[in-house]
Structures are given as C-alpha cells and as structure tokens.
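The next block holds one structure in the form of structure tokens; read it before the comments.
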Amino acid sequence: MKLHVHNTLTKRKEEFAPLDPANVRMYVCGPTVYDFAHIGNARPVVVFDTLYRVLKRLYPGAVTYARNITDIDDKIIARALASKRTIDDITQETTRAYHEDMGAIGALRPDHEPRCTQTVPEMVAMIAKLVASGHAYAAEGHVMFNVPAFADYGRLSGRSRDDQIAGARVEVAPYKKDAADFVLWKPSTPEQPGWESPWGRGRPGWHIECSAMSEKLFGPTFDIHGGGQDLIFPHHENEIAQSVCAHDGVQFVKYWLHNGFVIVNGEKMSKSLGNFYTVRDLRGKAPGEAIRLLLLKTHYRAPLDFTDDGLKQAKGDLDRFYTALKNASDVTPSAAKADKVFDALLDDLNTAKAIAEMHEYASVLNAPRSPDAKAALLDAGALLGLAQGDPLAWFQSDAEGPSAADIEAAIQARLDARKAKNFAEADRIRDDLKAKGVILEDGPKGTTWKRG
RNA sequence: GGCCGAGUAGCAAAGUGGUAAUGCAUCGGAUUGCAAAUCCGAUAUACGGCGGUUCGAUUCCGCCCUCGGCCUCCA
C-alpha cells in the first residue's frame with residue numbers, strides 16, 4: 001500500500017510520489033509568536049507531526065520537515081507597544097511557550113524552524129527579482145506584487161478574477177495597479193522595526209516569508225506544503241504567485257495539504273472571535289497526550305467540534321490503552337508492526353480509523369494477551385505519538401491527591417482488614433480513597449491503584 | 001453574490017454500489033467477599049430532504065434544506 005494524500009491543488013486524493021525519494025521535503029506554516037497557541041493552532045501541528053512520522057517510516061533518513069516561526073508581524077509590533085515590552089522579549093518568550101506546549105502534545109521538533117528575522121536578505125533578494133522580472137513594482141515606499149502578471153493566480157483557491165472583483169471588500173490602496181495586488185514590502189516608521197532595502201527602510205509583507213524561507217531550505221520546488229484551510233486564500237495563493245514568478249515558472253509545491261478548523265459551539269475558534277482555548281489552559285484540564293488524541297480522533301480535513309466532554313473521552317481512550325499495557329506488563333512484545341494502523345494512515349492520514357484499529361489491538365491484548373498485539377499497540381502509538389509512556393506513571397503521577405506512600409499504607413491497612421474478613425473496614429478504606437480520587441483494583445498479583 | 005467544507009445510532013466518529021467499523025454510554029451474564037479492571041452477550045426503525053441513474057444507493061448525479069468557513073489578520 002502506498003501513501004495517498006488529498007491535494008488541495010487538484011481537489012482529489014493522489015498517490016504520493018516524492019520529487020526525490022532521497023530528499024523528501026515538507027514545509028508547514030508555523031506560528032506568529034505574539035501569544036499562546038490555542039487548540040486551533042495545535043491542530044495542524046499534530047496533524048503534520050503525524051504525517052512527518054509516517055513519512056519518516058516510508059523514507060527513513062530522507063525526510064526534512066520545516067516549520068517557520070513568524071517573528072516579524074504587525075500584531076507583534078502592536079503587542080509590544082501595548083505591553084511596553086521589546087519585540088525580542090515577546091517573540092522569544094512566546095517561542096519558548098510554543099515549544100513547551102507543542103512538546104506536551106507530543107509533537108516532534110521539525111528539522112528546521114526558520115525565522116523571518118534571519119531571512120530578511122533572502123526576502124529582499126526575492127522581491128528584487130520579482131521587480132526585475134516585471135511581476136512586482138515599487139510605489140510610495142511599498143513593493144506590490146502585480147497579480148495580473150501571473151496568469152495562474154487563483155488556481156489553488158479556485159477563485160477567478162471575476163470572483164475577486166465581485167467579492168472584493170478590500171479597500172483598494174491608491175498605489176495599487178490592480179485591486180488584487182498585495183504587499184511584498186512596506187515602509188516602516190522610525191519606531192517600527194525595519195531593515196534597509198532598495199526601496200528604503202521597511203519590513204516584509206506577510207506572504208513573502210514562506211516563499212523565501214522554503215526556497216532557502218528546500219530550493220524552488222518541494223513536496224508538501226501544509227497549513228490550515230484559512231491559509232489557502234490569500235496566503236498560499238500568494239506564496240505560489242511569488243515563488244513561481246521568482247523561479248521562472250518552475251513548480252513550487254507538488255502537494256498542498258490543509259487541515260479543517262476547530263470549532264466551538266458551532267463557530268470557528270479564532271483569536272479574532274476570542275472563543276479559543278489555549279493549549280496552556282487545556283493542559284491544566286487534561287494531559288497533553290489527551291489533547292493530541294482529541295485532535296487525531298477526527299479526520300484532519302473535517303471540522304472538529306471542541307468540547308470538554310470530547311477531551312474527557314480522549315482521556316478515557318488513553319486510559320483504555322494504558323490499562324491494556326499495564327495489565328500486560330508481563331507480556332513480552334513480539335516484533336509485530338501495527339500494519340492496520342499504518343495502512344489507515346497511508347490513506348490520506350485516516351487517524352480516526354487508525355485509532356479504531358488501535359482499540360482493536362488493545363482488545364486483543366486484553367483477551368488473548370498476545371505478544372503480537374502488545375507490539376502492534378506500541379507501534380501504533382509510536383506512529384500516532386500516543387501511549388509511549390510508562391502505564392504506571394500515566395495512572396499514578398499526578399500532583400493532586402494523597403501521596404503514593406499514604407496510598408500504599410492505606411492499601412496495606414485494607415489488606416489486613418480483608419485478611420481478618422473485616423470487609424466493612426476494607427470497603428471504608430477503599431471508599432475513602434475513592435473520595436480522594438484514588439481507585440483500587442484487586443488483581444491476582446495484589447492490589448494496584450490509579451488516580452481517577 | 002462567488003468559492004469551499006460538513007450533516008451517519010444517546011454522544012464521538014470511520015466507511016462502503018449489495019442494508020454500516022470502532023470507542024464511550026446503556027442493559028444482561030462471567031469474574032470478584034463486594035468493587036475496580038477484564039471477558040462474553042444484548043440493545044438501538046443511525047446514513048438531512050426530494051428526485052434521477054441502477055437489478056440494487058447511505059455510497060454516483062441533480063436540486064433543496066441546515067450549519068460552518070474563506071473572499072480582510074487568522075491554523
């Protein structure tokens with residue numbers, strides 16, 4: 001079975017055939033670092049992290065994953081002004097928090113995390129090239145990309161020129177030659193961060209960064225470009241225009257992948273609506289691993305309705321996996337692989353199916369306790385970034401509630417009571433612990449406990 | 001207005017041209033001193049609506065309805 005992915009460019013599922021199997025390249029749009037990441041920001045991270053894991057298995061040692069960090073942006077400038085902090089301070093702290101949060105939800109670090117501030121010369125060079133080739137023009141300190149100069153504009157998002165004009169709500173700046181033209185470079189005031197350029201001191205527009213950073217790392221053409229569906233237009237459409245025109249018409253990206261939104265109460269979760277949950281906050285409610293599983297339970301292109309109950313259920317799913325592993329601690333895993341899970345992932349990253357198969361492995365591990373099932377369950381977890389931890393730690397490590405020593409002491413007291421057939425006392429101890437969030441399980445090898 | 005996506009049992013969520021996985025929930029039973037965990041079994045008129053193609057559609061086509069999104073910063 002071969003990997004198939006849904007390509008936004010063709011609107012259909014296609015077999016994935018890398019440009020160069022010895023050099024598979026994936027670029028995903030990363031965060032603008034001015035605030036904590038919310039669960040909607042986390043979705044593409046987890047989705048493409050899973051794809052990264054699949055690609056690494058298919059092309060061992062040949063996959064390069066890049067995810068940028070946008071550290072030049074007007075929202076950052078605004079945040080700095082409002083909080084009286086420096087831009088560096090904000091971007092560095094936010095980047096650190098981002099790494100923590102994404103690590104907590106099991107995301108591997110990309111091979112490269114390019115930053116805008118370290119790619120300005122490349123952006124300037126690309127803009128200059130576009131000006132020289134007639135695809136862009138300077139006007140009033142700005143440099144604009146001239147959309148009519150790129151015949152293929154609109155192909156990714158499926159928008160025609162007429163649609164653009166009909167639906168245009170954008171205020172047309174007087175220096176634009178065409179209403180659809182967009183900014184490559186804009187002037188900075190003395191207070192704003194800026195860099196010297198042939199068009200004066202200024203800063204890059206939003207879209208050019210990804211074109212420049214991907215070119216720097218990957219060259220003019222690469223395999224996969226990912227991001228959220230809200231980036232299809234205008235961001236990715238504009239990236240294509242810039243990159244293709246800067247590279248004499250050479251193809252930019254072979255496969256465009258986009259994840260669906262996280263919604264809450266029927267509405268898209270977004271910063272502008274203010275209806276978002278930060279990953280940081282959710283980590284206080286559930287383990288990061290449960291947040292990850294929640295994001296993977298729905299196919300990546302479908303909308304995902306976030307609820308507290310869904311988060312609880314995801315936690316419950318993990319409990320089931322870890323229970324199976326805990327109860328099978330004496331089973332030595334074979335060399336079996338999670339073939340069904342892998343096949344599901346190869347089919348356009350069908351994580352929902354993959355998790356269902358993972359449940360099947362857990363069932364087999366519970367019942368016939370087969371070494372194959374244990375190996376497969378663990379392998380499934382490795383592919384999905386789940387259930388890799390120590391089962392006892394999963395159930396027992398929690399800051400709240402009685403200490404492990406107190407619990408052990410209570411268990412011993414209860415054991416004594418049971419030996420004396422004093423079941424009333426034994427049950428009292430058990431109920432007491434339960435009230436404190438500790439559940440006891442009497443098994444053939446003695447009593448174990450977990451935090452509920 | 002243009003474009004895009006979604007609508008499957010109580011909940012979540014896959015999937016298929018021949019009446020539909022999986023998990024949770026619910027109900028029995030096994031096991032247990034009683035539980036928990038696990039196992040066995042059961043339940044549910046579940047595929048938004050109306051047409052069409054077909055021997056047969058939830059699955060293909062058309063129209064419609066509902067919800068959401070993009071067209072302006074946004075994962």
Side-chain angles (χ1 to χ4, degrees), chain A residues 8 11 28-32 37-48 73-75 78 154 157-160 162-171 180 182 206 226-235 237 258-263 265-273 276 293-305 307 309-310 312-317 319-321 323-324 326-328 340 344 347 350-360 362-363 365-369 418 421-424 426-427 430-431 434 439-444 447-450 452:
Chain A
T8 307
K11 295 183 176 56
V28 174
C29 286
T32 299
H38 60 68
I39 182 81
N41 303 124
R43 190 174 193 190
V45 172
V46 168
V47 164
F48 292 106
D73 183 275
D74 287 0
K75 289 191 290 291
S157 56
R159 290 159 205 267
S160 68
D162 293 345
D163 296 341
Q164 294 298 320
I165 293 159
R169 283 189 269 147
V170 193
E171 199 179 326
F182 58 89
W206 174 32
Q229 280 173 354
D230 48 355
L231 295 180
I232 295 172
F233 188 90
H235 186 51
E237 195 71 71
H258 293 95
N259 63 275
F261 301 120
V262 176
I263 58 178
N265 295 325
E267 272 190 322
K268 176 187 171 188
M269 181 184 292
S270 75
K271 289 194 171 166
S272 40
L273 289 171
F276 60 90
L293 177 55
L294 172 71
L295 292 171
L296 292 175
K297 282 180 77 170
T298 302
H299 183 84
Y300 77 93
R301 283 189 288 113
L304 190 161
D305 199 351
T307 61
D309 188 56
K312 278 194 197 96
Q313 288 207 18
K315 165 72 163 57
D317 286 324
D319 284 343
R320 186 166 188 270
F321 297 142
T323 297
K326 178 168 80 93
N327 292 344
K340 288 179 177 176
D347 183 12
N350 191 340
T351 51
K353 175 96 184 308
I355 290 163
E357 298 294 353
M358 200 168 159
H359 274 291
E360 300 274 1
S363 293
L365 181 56
N366 280 333
R369 295 166 58 79
R418 291 177 72 202
K421 301 275 185 212
N422 185 354
F423 293 121
D427 290 351
R430 187 174 60 199
D431 290 344
K434 192 176 179 185
I439 294 162
L440 298 189
E441 298 176 345
D442 296 329
T447 300
T448 59
W449 61 275
K450 65 181 180 188

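All values reported here derive from a predicted model rather than from experimental measurement. Just so we're on the same page: letters track the sequence lines, and every chain starts at 1.
Between A/Lys11 and B/G5 there is no side-chain polar atom (N or O) within less than 4.0 angstrom of OP1 or OP2. Contact annotation: A/Asn350 reaches the phosphate of B/G15 (side-chain N/O to OP1 or OP2, under 4.0 Å). When the side-chain nitrogen and oxygen atoms of A/Thr323 are compared with OP1 and OP2 of B/A37, none of them lie within a distance under 4.0 Å. The shortest distance between the side-chain N/O atoms of A/Asn259 and the OP1/OP2 oxygens of B/A75 is not below 4.0 Å.
At a cut-off of 3.5 angstrom, counting only N and O atoms as typed in the model, there is no donor on one side facing an acceptor on the other between the side-chain of A/Asp319 and the base of B/C24. The base of B/G5 has none of its N or O atoms less than 3.5 Å from a complementary donor or acceptor on the side chain of A/Arg301. A donor-acceptor contact under 3.5 Å is not formed by the side chain of A/Arg320 with the base of B/C24. A donor-acceptor contact under 3.5 Å links the side chain of A/Gln313 to the base of B/G23.
Contact annotation for A/Gly310: no contact, since no heavy-atom pair falls under 4.0 Å across all strands. Using a 4.0 Å heavy-atom distance criterion, A/Lys297 is classed as a sugar-phosphate-only contact. Heavy atoms of A/Asn366 sit under 4.0 angstrom from primed sugar atoms or phosphate atoms, though from no base atom. When heavy atoms are screened at a 4.0 angstrom cut-off, A/His299 is found touching the sugar-phosphate backbone but no base atom. Residue contacts for A/Leu231: at a heavy-atom cut-off of 4.0 Å it reaches the sugar-phosphate backbone alone, with no base atom in range. Residue contacts for A/Gly316: at a heavy-atom cut-off of 4.0 Å it reaches no nucleic acid atom on any strand shown. Within the 4.0 angstrom heavy-atom criterion, base atoms lie near A/Val262.
The distance between atom CD1 of A/Ile263 and atom C1' of B/C67, rounded to the nearest whole Å, is 8 Å. Atom P of nucleotide B/G68 and atom CG of A/Leu304 are separated by 17 Å, given to the nearest angstrom. Atom-to-atom, NZ of A/Lys353 to P of B/G23 comes out at 14 Å; the value is rounded to the nearest Å. Put simply, CG on A/Asp309 is 11 Å from P on B/C11, counting in whole angstrom units. A/Lys312 has its NZ atom 13 Å from the C1' atom of B/C11, to the nearest Å. Here B/G68 presents its C1' atom at 12 Å from CG of A/Leu273, a figure rounded to the nearest Å.
Between B/U31 and B/A21, the two P atoms lie 30 Å apart (nearest whole Å). Taking atom C1' on both B/G48 and B/C67, the two are 11 Å apart, rounded to the nearest angstrom. Taking atom P in both B/G7 and B/C39, one finds a spacing of 31 Å when rounded to whole Å. Spacing of C1' atoms, B/G10 relative to B/C61, comes out at 34 Å, to the nearest Å. A distance of about 47 Å separates the P atoms of B/C3 and B/U43, rounded to the whole Å. Annotation: B/U45 and B/A9 have their P atoms spaced 12 Å apart (nearest Å). To the nearest whole angstrom, the two C1' atoms, one in B/A42 and one in B/C4, are 43 Å apart. If you take atom P in B/G49 and the same atom in B/U66, they sit 15 Å apart, rounded to whole Å.
Between atom CG of residue A/Leu295 and atom CZ of residue A/Arg43 there is a gap of 7.0 Å, rounded to the nearest 0.5 Å. Taken to the nearest 0.5 Å, the CG atom of A/Leu294 stands 5.5 Å off from the CG atom of A/Leu304. Atoms CZ and OG1, on A/Arg418 and A/Thr447 in that order, are 5.5 Å from each other to the nearest 0.5 Å.
Using the Watson-Crick or G-U wobble rule with both distances under 3.5 Å, B/G1 pairs with B/C71. Pairing for B/C39 is with B/G29, a Watson-Crick or G-U wobble pair whose two hydrogen-bonding atom distances lie under 3.5 Å. Across the strands present, B/U53 finds no partner; the criterion is a Watson-Crick or G-U wobble pair with both atom distances under 3.5 angstrom. With a cut-off of 3.5 Å on both Watson-Crick or G-U wobble distances, the partner of B/U66 is given as B/A6.
Mapping A/Gly443 and A/Ala367 onto RNA chain B by nearest heavy atom places A/Gly443 at the nucleotide closer to the 5' end.
Taking the side chain of A/Arg430 as heavy atoms from C-beta on, and the options B/A37, B/U22, B/C34, the nearest nucleotide is B/C34. Closest approach to the A/Asn327 side chain among B/A14, B/A6, B/A37 is made by B/A37 (side chain taken as heavy atoms from C-beta onward). Between B/U38, B/G69, B/A35, one nucleotide has an atom nearer to the side chain of A/Phe261 than all others, and that is B/G69. Taking the side chain of A/Asp427 as heavy atoms from C-beta on, and the options B/C71, B/G33, B/U38, the nearest nucleotide is B/G33. Side chain of A/Ile439, nearest nucleotide from B/C70, B/A36, B/C39: B/A36. In this structure, of B/A21, B/G69, B/A14, it is B/A21 that holds the atom nearest to the side chain of A/Glu360. Of the candidate nucleotides B/G69, B/A35, B/A21, B/A21 has the atom lying nearest to any side-chain atom of A/Ala356. Nearest nucleotide to the A/His359 side chain, out of B/A37, B/A14, B/G23: B/G23. Residue A/Thr32 places its side chain closer to B/A75 than to any other of B/C70, B/A75, B/A35. With B/G69, B/A35, B/C73 as the choices, the nucleotide that has an atom nearest any side-chain atom of A/Asp442 turns out to be B/A35.
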Please evaluate residues A/Val262 and A/His38 with respect to the criterion side chain to side chain contact (heavy atoms under 4.5 Å, CB included), reporting the C-alpha separation (whole Å), side-chain torsions for both, the decisive distance (0.1 Å), and the verdict.
CA-CA 10 Å; A/Val262 176; A/His38 60 68; over 6 Å; no
For the pair A/Tyr300 and A/Thr351, evaluate side chain to side chain contact (heavy atoms under 4.5 Å, CB included) and give the outcome as yes or no after the intermediate values.
CA-CA 8 Å; A/Tyr300 77 93; A/Thr351 51; 5.9 Å; no
Let's go through A/Asp317 and A/His359 carefully: what are the C-alpha distance in whole Å and the side-chain angles of both, what is the deciding distance for side chain to side chain donor-acceptor pair (under 3.5 Å) to 0.1 Å, and is it a yes or a no?
CA-CA 8 Å; A/Asp317 286 324; A/His359 274 291; 3.3 Å; yes
Worked verdict on A/Arg430 versus A/Asp427 for salt bridge (charged side-chain N to carboxylate O under 4.0 Å, His left out):
CA-CA 5 Å; A/Arg430 187 174 60 199; A/Asp427 290 351; 3.5 Å; yes
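By the neighbour-count criterion of 12 heavy atoms within 6.0 Å, atom NZ of A/Lys271 is densely surrounded, having more than that number from other residues, nucleotides or ligands. Counting heavy-atom neighbours within 6.0 Å of A/Lys421 NZ, excluding the residue itself, gives a total of 12 or less.
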